[in-house]
Amino acid sequence: MDTDRYLEPDTAPTQLTQEYLMEESLEPGLHSTSPWRDSFRRFLRDKRAVGALVLLAIFILASLFLLPIYEHIGPVISERHGFVHIGPAKYHSPTYVDNLVENAPASSLHWLGTNYAGQDIFARLLAGIQVSLFVAVIVVGVMDVGLGIIFGVLAGYYGGILDTLLARFTDLIFAFPGLLFAVLVTGLFRQAALDRFGNDGPLYLVAITLGLTIWPQMARYVRGQTLSLKEQQFIEASRTIGTSSNQIILRHILPNILSLIFVAATLDISGTIINEGVLSLIGLGVQAPGSSLGLMIQESLANIPYFPMEAILPSLTLTIIVLAFSFIGDGLRDAFDPRSKD
Amino acid sequence: MADETMLATSMTTDALLDVQDLKVYFPMTGGLLQRGGAVRAVDGVNFTIRRGETLGLVGESGCGKSTTGRAILQLIPVTGGKVIFNGMDITKLSPKAVRQKRAEMQMVFQDPFSSLDPRYTVAQIIGEPLVNFKRGNNREIDQRIRELLSTVGLPTNSLNRYPHEFSGGQRQRVGLARALALNPSLLIADEPVSALDVSVQAQVLNLMEDLQQKLGLAYLFISHNLSVVRHISQRVAVMYLGRIVEITASRQLYAQPLHPYTKALLSAIPMPDPVLEATRQRIVLAGDLPSPVAPPSGCHFHPRCPRAQALGNPERCRQESPTLTMATLDHAVACHFPEA
Amino acid sequence: MTDLLTVRDLHTTFHTRAGDVPAVNGVSFTMREGETLGIVGESGSGKSVTALSIMRLLPTPPAEITGQEVLFAGQDLLEMSQDQLRALRGNKMAMIFQDPMTSLNPVFKVGFQIAESVRMHMNLGPRDSWNRAVEMLDKVGIPNAARRANDYPHEFSGGMRQRVMIAIALSCNPSLLIADEPTTALDVTIQAQILELMRALSKEFQTAVMLITHDLGVIAGMAQQVLVMYAGRLVEATDTRTLFAKPAHPYTQALLHSIPRMDDAQNERLQPITGQPPDLLKMPVGCSFAPRCPKAQARCQRETPPLVEVGAGQRAACFFPY
Amino acid sequence: MLRFFLRRLIGLLFVVIGVTFVTYAMGYLAPNQDPIAALLGQHNTPQAYATLKHEYGLDKPWYIQYGTFLLNLAHGNLGLSYRYPGQSVNDFIGPAIAISIQLGLSALILALVLGIPSGIIAALRANTWVDTSLMSVMLFFYAVPAFVIIPFYQVLIDILVANNLPTLPVQGWSEGLTYKIVPVVILALTSMGYFARISRTVMLEVLRQDYVRTARSKGLSERRVIYLHAFRNALLPLLSVIGPSLAFLVSGAFVIEDLFNIPGVGGAAIQAVANRDWPVLQGTVVVLAVAVVIMNIVVDILYSVADPRIRIQ
Amino acid sequence: MTLPNVGVSEISTFDPALPSDLNSAEAIQLTFSGLVGLDPKTLNVVADMAQDVPSVANGEITNNGSTYTFKLKPGLKFSDGNPVTASDFAFSIDRSLDPRLKSNVATVYLGAIKGAMDRYAGTNGVTSIIGTGVVVVDPSTLQINLAQPVAYFLEAMTYSTSFAVEQSNASFTNAKWTDNAVGTGPFMLKEWVHSDHMTFVPNPYWYGAKSKITQITMPFIKDTEVAYKSYKAKELDMDGLGATITSADYADAKALPNHQLQEGPYLETNYVSPNWNIAPFNNQAVRQAFAYATDRDTIAKTVLKDSVYSTDHIVPNGMPGYFAGLQGLAFNPTKAKQLLTSVYPDPTKVPAITLTYPDVGDNKAVALELQSEYTQYLGVTIQLNGEDFNKLVNDVYGNNIQFYMLAWIADYPDPQDWLSLQFTKNAPNNTMNFNDPNFDALTNKADVEQNQATRFTEYNQAEELAVDEVAWIPFSQNKNTYVVQPWVSGFTVDAGGLIPDSVWANVYVTQH
């Protein structure tokens, strides 16, 4: 057999090597698509999820940028409480209390009316969205995803004592019924948080507490995903080509579970926003005159028979945000794992 | 191909890989209150592979052939025995040193779909070992990647594509290119073609043969497909329940199997020839493959062994585990009553 | 022997989001009573879909099954209602599948799973159907059948499970057994056992067997007639001896040359088929094998060759056979 | 079997010690949490303070206090309430538990009864309008929390009352069945949505399985294929999510019990935190944690009954 | 009829020796009774099971006001038919002080009795005061000896700590005895579904006129709004026991047909209290500045929609000894600013102030209003802290809280409860560290003064001091608001939020 042709590897393909070439099935004209871009394209096909994303983006942008603008819109009121020249910066502040306009209907001055204390509902809604998003970012973005990834991946990849500790800790948190742990901690340390951090203290406390209760679930999930990913041959392949464990985690495991974490985190955001609402509802969340959607609902309860809009507006806003995150989560999951849809 | 001479020459050179009494046990651990035994996946395996040679390792599922491959690469902890590679026992090395050694022996995996990271481009996949071992600067690495692509017969426009855009056969080529990147002298191929379509298998087999010739590679070719192993290997080892029962030159094994298990295995393979099939004498083994958790005593094969049955189930088969002994020159068999 | 099954111009198309996939594209053949027909082809060639289409076991949508006729014992399966089909399935035509590990319901006793079918089609009482199940288990070579009938599938090995599947399939004395890659998931020695069993039982029960496989060796040992499929089409149909002795279609020829054989001269270089099987979403015009065919000419790229008689009892879909 | 229970018992022990210790430690570490001062309030005199502190054993070091608690717990005694003088925690939370179990189980059953069939129907009609609309409704209920639904419900009730239309009671529990309908329904909604979504996914997965095809190939009726062969298997993953879904139910119950004035453990726990009534809180936490663990054991046992591949050993 | 007990999910106790809250007292009042009670209108002490109210005039107060003699009405019986004698009262009073009961109210009401403090603390070997503090003269005569004369003793005797319990029924150790409690009140306990409701039926052995009500159902409803909704849904026959109608519902209640809303003064004063020990409130001018900056009328009229009375008094209107002529620190923003700037010329340099308020009912709205007022009129920054009520009480009594909002409800209708118990140097309620020897001297004198007119004058002077020096900044007095369905007649609630026994004789429910 003639083996000479192999002596110069980079020469033009010979007749025999022709059999390896399959250019025709590679469609050279098309741009190659990464899995991320594929998923993105699939996500865009999900009208419900895209709609939710747009709506959510509007909410977020409104809460961040419309609130400061709103505080510059409106006339200067010449006289109130014997004080003159009260501008929109004041009466459109989410915290400003004006007992002369309590439970006012929607007007050009107060776009969605005022609540029991004469606070502007529109401003409070926007501020409430900010709070929900803040909690979501801290709890899910930082603690849930951060701690979840670190502990989940390490426990899944290395196992051992870390794995056992994680399992025990998760058992403990799971055994704490419902929100009881959060109620306990926020109830006990609320005063301290207020003393230390002022009005926003309880919010930080709520965020940290909720984060503390939520991350073990994420860690357990990430651990599971890591374990199943570890079984994939490309991880083993990486080891055979001398990739160190740390690099395998960073280069192969993390990128591959990131999409799943994304989905889980999106769905966790819904849960977290709800839990913040529950804590505010039972008086353990944001301190008045601050605003949060849960607090707004709580404050409106006594007034429901007389001013139902005060309850409906924050409830509706919360519903939309929570549903939007759920839709986006569903959409992301379908986008990352097309099989899950049917 | 000049097969005889090849065998003769390789016998004179040193062994590239010498596996001595290799044992891999998997502990069966449960929770706090569970006691576990051990799965004796690999239970005292001996063989050598010479430079540039292909050793076929065949056996049915669960016989420990894949575990053997992984244990050689130190991908799983070895319970006992030695793996001497290039004269050095690598079971005693530190993890870091093992990583360095792995540059010289590489692996090709069975599953063309799960063996490539779906989020990496072909260039990144093939380049990963080069980056790991710092084989040159970016330009040199890029050059080497292109070279490897052409070596395995993939067009250069594959570079920035992702695995999901390739067929199974093409992906196996990517896997091969990755394995070849560091110029290894030993390639452990774990069922490299069994997941491929029959019409594509031949492409990959031919490529592997060509690469061996060109690069002087030695292969440990693990497969359950005896036809494929026969085709590609110079020597073949047959495994049964964690042990090697027969090892010899490929031609010898297929022409004159000594172990009753090998005989049965060979007779069970359907031949693509209806005339032959109609007249063939088959040895159909009774029963299932026993579990490696509780393998039969003595010779692991004795409960299913037609020869033992023919001999009236000698006590010795049940009591004594046969050792792998030389029956003829370069033909070892582990049987108390090998057939002449 | 009379015709048991006649398939004429069967088409099965999957409507997917990416487009329509013509998985089976105009397949016609005839099967006689008691005969073993092998269908051979690579993955995606449409051999399994053909079988499932005949059984009408494909979910519609996404599948759409059309055709001139599929006559089974004189009745057109394509015209039947689901109820009529159900009376036939498991009764007169039965099927076994590739993966014995997943084909049995894990939560029911194997005896139940056999008896269920018997009870339904043979109008037997619970006790009689159970006895029949035990009898069938015994027949497929499961030791201690009476006791093992009370075991769950996970308590059986892969080979044993495939025996159970065969017991289910043959429990109502079907006239047609479709075996879809019945031994692919099994080890070689177990494969030999199962094939042996199928041979013996099909003889005993006078059952025609449609054996679907990608292994030409299995075909050679089992089938009297062979169909070769490629990319949803039938490319060659003939009796087994002719196929191996004198293959007409270039694909069949190439296939036979590309596999390593136990009986060839060792280390003889294999002759691979270049390229890949076509993507069913983007089927080439003309002969679907043309892009890989060493004999392909301009005509092959334009026209689809019909399946025509090229020799005695040998049909091939090629303009340039042999 | 014995080993299974022994292992679960150790797990239970760990959980009980864990949750009580965390509860205890929180109360101990948090600033200004003197239960005696809270109890005495305006009637606080040094004399009364010292007397009560001694009576409740709070003058002892923390580890003695906690040890005493554990020792009493081992005898099934949860101690004495601080807030409700002379009342034992057992007496106090006993009826509350009964009510919470009634509420929780009713809601769980309702959620299962409505959710699972919805999921199955959606799976059988996958990607049709039936599926889409049913699942949109279920997603809505799954995503939207009870405390957002309740205001809407109250607005509705007010409209009904204002127009002298028949309504359901707005609060209370034990007076009769009509009092239980709304809390149970609202509590069930979230879980119902969850079960429906899970059921759909699971059912789709099961319907794809080879054994379903086998069942069809045997000529079984479609009903038998779906409700016997497929559903028996779908039951397994469903069973395994019922355990964790209890946590959902419990946190939902907090709000429901609060807003509907239902004297269950959720409300008792919130009150106990406010009252610094540690014994009651400890008791509630222990009882709820044990309940969750026991439910999980029950689910495990059911699972092993439903799945012959799993045997408790 | 349905008589909701609003604000709790369960009463704390049904043992007359123990109640420290109105909710428990409401239930106890129905089933238990004492020697003397209150007139629902005047709040004067009237006879209940005693034949008459002891006085110096009728010779039943002797020994310089240190000995009280009670003569029992003839033929009194417990609800199980057993006779009630003087020894039952002796037992009941002694029992209330028993340390095993851990009563935290017994000494407040019974502490004046000779030996009571030792009996409560278990000191000096005192294990019973029967024969010393309480003496059974004969089966129908009970004599009580005080350690020293106190003028408000009869008022204190109207509290349930001296109500009769039966020796064979009441336990010292088993708190569950109250599930089958036997008493002497107009009703008796029929059923108690814990944490849910209680049911009462008329006591057949009640000495007074029989009630036409055949059954009282008392559900526990935690939320005031929920209770009102329930009332509107006609599930309740009345609502608002203990002045629990919120300001949100007040306007609605006022508009209900047939004058369903009843209102009058309620003996509860709402106030914010500055802590004299903590800056900036360690300065009288600053305290006064806050008092002057408190716009009480706005709070009462605008914020709380007239559901309360605006007040700057400590002792509420309706109390015996109310000081109509008190000159309080009425709203005056200019003066307020002046006073503050006299101490802190730059208001931003005022030390940080946190106003802690109990986060129930209307308090949050008031706190927000106060925050807004102090910010506007004084230019200071106020941080709010809404706390659970119980937690706030704990904090107020246990730790020095800088600035807090609370309310005080009369324990018994005597100014002593509002002044001596609040602001004397060592008073348990002196949580704002009020410190004025003149005040202490005045109240010490008044506490023992037997002449009621002189007493009240002394208390009035003391009250003026407390207001001027700003112990509290009172801002509102609650209204005794409650709603009664049109089909209920003759139902009234006294200014203390209780339903005196005598009321029941006149209550009846028509068909509806």
Side-chain angles (χ1 to χ4, degrees), chain A residues 48 168-169 171-192 195 217 267 270-271 273-275 277-278 281-284 293-294 297-298 300-301 304-306 308-312 314-316 318-319 322-327 329-330 339-342, chain D residues 11 14-16 18-19 22-23 26-27 29-33 126-127 136 139-140 142-145 147-152 154-155 157-159 161-162 201 204 244 246-255 258-259 265-266 269-270 273-274 276 281 284-285 287-293 296:
Chain A
R48 207 175 60 169
R168 290 286 89 88
F169 192 74
D171 279 350
L172 200 63
I173 288 292
F174 279 168
F176 250 106
L179 278 170
L180 195 49
F181 182 75
V183 170
L184 179 65
V185 175
T186 47
L188 291 182
F189 293 92
R190 193 168 184 279
Q191 170 82 60
D195 292 347
Q217 300 184 42
L267 297 173
S270 288
I273 290 176
I274 290 170
N275 284 343
V278 170
L281 195 73
I282 54 182
L284 296 173
L293 296 174
I297 294 174
Q298 190 244 331
S300 70
L301 285 177
I304 282 184
Y306 319 113
M309 284 315 278
E310 289 176 23
I312 288 175
S315 298
L316 212 58
L318 196 85
T319 305
V322 165
L323 270 180
F325 274 112
S326 298
F327 285 159
D330 272 12
R339 213 180 71 109
S340 73
K341 188 148 201 289
D342 42 39
Chain D
F14 167 79
V15 163
V16 167
V19 292
V22 170
T23 316
M26 287 293 165
L29 292 176
N32 310 331
Q33 305 298 333
N127 300 323
S136 299
L139 176 62
F140 179 84
Y142 171 60
V144 177
F147 74 91
V148 171
I149 292 178
I150 291 169
F152 286 111
Q154 294 196 339
V155 170
I157 286 289
D158 280 314
I159 293 169
V161 168
T201 312
L204 280 175
L246 285 173
F248 266 136
L249 277 178
V250 176
S251 39
F254 271 62
V255 179
D258 196 51
L259 293 178
V265 270
I270 294 177
V273 173
R276 257 153 299 329
L281 184 66
T284 317
V285 167
V287 166
L288 284 177
V290 168
V292 169
V293 172
N296 280 325

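Hydrogens, waters and symmetry mates are skipped; everything else that's a heavy atom, side chains included, is used. All chains are named by letter (A, B, ...) in the order of the sequence lines, taking the proteins before the strands, and each is independently numbered beginning at 1. Just so it is clear, the structure is predicted and the values come from calculations on it, not from any experiment.
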Heavy atoms only, distances under 4.5 angstrom: which of [options] has the most pairs with chain D? Name it, please.
{"options": "A/I312, A/T319, A/I304, A/L267", "answer": "A/I304"}
{"options": "A/Q217, A/Q298, A/R168", "answer": "A/R168"}
{"options": "A/V183, A/L323, A/I282, A/L316", "answer": "A/L323"}
{"options": "A/L318, A/V322, A/L184", "answer": "A/L184"}

Just do the side chain to side chain contact (heavy atoms under 4.5 Å, CB included) check on A/M309 and D/V155 with the steps written out, would you?
CA-CA 9 Å; A/M309 284 315 278; D/V155 170; over 6 Å; no

Heavy atoms, side chains only, cut-off 4.5 Å: are D/S136 and A/R48 in contact?
yes

Side-chain heavy-atom pair D/L139, A/F327 within 4.5 angstrom cut-off:
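Counting from C-beta outward, D/L139 and A/F327 do come under 4.5 Å.
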
With a 4.5 Å cut-off on heavy-atom pairs, point out which of D/V144, D/V19, D/V16 contacts chain A the most.
D/V19

Side chain / backbone / both / neither for D/I149 at chain A, heavy atoms under 4.5 Å:
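Answer is neither: D/I149 stays 4.5 Å or more from chain A.
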
Which region of A/L281, side chain (C-beta onward) or backbone (N, CA, C, O), has a non-hydrogen atom less than 4.5 Å from a non-hydrogen atom of chain D, or is it both or neither?
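Just the side chain, heavy atoms under 4.5 Å.
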
Minimum heavy-atom distance between D/F147 and A/I297, given as atom pair plus value:
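What the structure gives for the nearest pair is CE1-CD1, 3.8 Å.
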
What are the two closest non-hydrogen atoms of A/L180 and D/L288, and how far apart are they?
CD2-CD1, 4.4 Å

What is the distance from atom CZ of A/F189 to atom CG of D/L29, rounded to the nearest 0.5 Å?
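The distance works out to 5.5 Å.
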
Value rounded to 0.5 Å, distance of CZ in D/F152 from OG in A/S315:
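Spacing of CZ (D/F152) from OG (A/S315) equals 5.0 Å.
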
